[in-house]
Amino acid sequence: MMQRPRPTLLIFGAIGSLLLLNLVLPIANLLIQADWAHWTASLRDPRAGDALRTSALTSTITVAIMTLFGVPLGYVLARGRLPFKQLLISLVFLPMVVPGLAGGILLLLTFGPYGTLGGPLSAWNVALTGNPAGIVLAQLYVSSPFVIISALVAFTSVDPKLEMAAALLGDSQWQIFRRISLPLAWPGIAAGVTLAWIRALGEFGATMIVAYNPHTLPVYLWVKFESNGLKGALPVAFLLVVMAAVAVAISTLLGRLNKNESSTAVPGAVRGNLA
Amino acid sequence: MENGVGPAFSKATGYEYKGEAHGSLGAARFIRDHLRTPDVFISADPSVNRNILMGPGNGDLVTWFVTLASSQLVLAYNPKSPFAPKFEAASVVDTKTPWYEILETPGVRFGRGDPTIDPKGYRTLFLFSLAGKHYQRQEIPALLGEPLNPAQVLPEVALLANVESGQFDAGFFYKHEIVAQKLPFVGLPPEINLGDPRFSDSYAQATYTTPAGEHVSGAPIIFTITIPKTVQNPAAAEAFVKFLLSSPDLLKGFGFGIVEHQVGGDREQIPSDLRGLCAGAYKP
């Protein structure tokens, strides 16, 4: 059955597709100009594989830590009666404003071998820079605001009446969180987690300062560009695009699984928000 | 460049100056891959012109270059490092504390450039191999470990950030970088610091092969300047080159060494106004 065309949607669609074009064209261009034979050869370089593994491993650890710590923080910021709450929320935004390079230097001053925290730790032979731990620290710094803010917004948008009703029926605060607030807020949180994951995967500036070795994919991309020019960098750029797509796919899948298994209705996480 | 030479040029000529700093290899590749179209290109290594920008294979983007100044490797250190007094002692003439003995001390952290992407990285390798011969101590080159030793190797910005913030006690840099950053440093003898053209022959005995298979050998650290084919403001570009070729004191003040302005490539292609400032042919 034909739907009647709706002018507002048509106009919005036309405006929006211009922006979409700006996002999609560079990547389409990359694929059109692809030199597949050379690309597959250069991606078989063991250093590319190492960078891929490093990126996959560290960004996954980062996502786990961000979710585990960021969701409770978002909940407290949304529901808690805190002094200086607005100030705390602005603090969470801070890393998004600080350029990666500056963020990396700040992290170095804190966690480096002579840093405020890193100094005492290095006496115990614990190093937090120049290794995967440093990469995770840099990724956490730049991407966890996405999780915290999306959790804050998602919990705030849950109708407090539902939580109050559950409280009146005798649910404990944990039960209310587990059965009402979290399921209702989950789609928004999941979208934030996906964004944060992609941001962590693409992190370059802070990572390069805090942990140049082992190379993550973005650092390896830069090294390849500096040593081989565009020819060296483009295949790695392609690999990064593929990884981001995989991260989105996994997030979507997890959102769906959650919907099917859970007794409470959890809407498809990323589908609902990103699609 | 951005903080000293550029503003001095604007003040002297009235032309606007917009600089963009990259490693020489990276900058040249930017130009060759048509990602940047500069009016002037300054390289920290004459061979970068030859290998990446000159010749029909590279679209003849550069046809000539002039040697501008020299620099040398120094060992810069953080003044707050626990080992700073030792480095300071090493920096005086006729010192009893040789710099390499400090680097041998357990607990000292020092960094160096990445030989894969940065001429300074492989030049530091040359420095250590020359030092082993100069001081007749074969354990000096061993201080570096593997050429790409992850405990030492960092890209340019990160290396500077690590030494300035005190996470590394020391690092190997060009002298002009350290003069600009106002960090204390230990000067190294001309036989090993790659800053003195008189030692070209002995520098050339140090060699390195990059992971990409490029063979490089030691040579004096010479900066070159050229106006590539990408030039969009020829008059301003000429004024800038002229200004630099005729301001030795300015360059000296920024830590550079003075050299004859020798010509690489095709002398006929040099704008006639600049030709008068140039000396004989550059021999690598």
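Just so we're on the same page: letters track the sequence lines, and every chain starts at 1.
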Practice prompt. Only counting residues at least two apart or in another chain, list the ones meeting side chain to side chain contact (heavy atoms under 4.5 Å, CB included) with A/Ala211.
Written response: A/Ile135

Worksheet item: What part of A/Leu230 gets closer than 4.5 Å to chain B, counting heavy atoms only: side chain, backbone, both or neither?
Response: both

Worksheet entry | Part of B/Leu35 lying under 4.5 Å from any heavy atom of chain A | side chain

Taking 3.5 Å as the threshold, show me the donor-acceptor pairs across chain A and chain B, one per line with distances to 0.1 Å.
| from | atom 1 | to | atom 2 | distance (Å) |
| --- | --- | --- | --- | --- |
| A/Leu108 | O | B/Gln167 | NE2 | 3.4 |
| A/Tyr114 | N | B/Gln167 | OE1 | 2.9 |
| A/Tyr114 | OH | B/Asp169 | OD1 | 3.1 |
| A/Tyr114 | OH | B/Asp169 | OD2 | 3.2 |
| A/Gly115 | N | B/Gln167 | OE1 | 3.2 |
| A/Tyr212 | OH | B/Asp114 | OD2 | 2.5 |
| A/Glu226 | O | B/Arg29 | NH1 | 2.4 |
| A/Ser227 | O | B/Arg29 | NH1 | 3.4 |
| A/Ser227 | O | B/Arg29 | NH2 | 2.9 |
| A/Leu230 | N | B/Asp33 | OD2 | 2.9 |

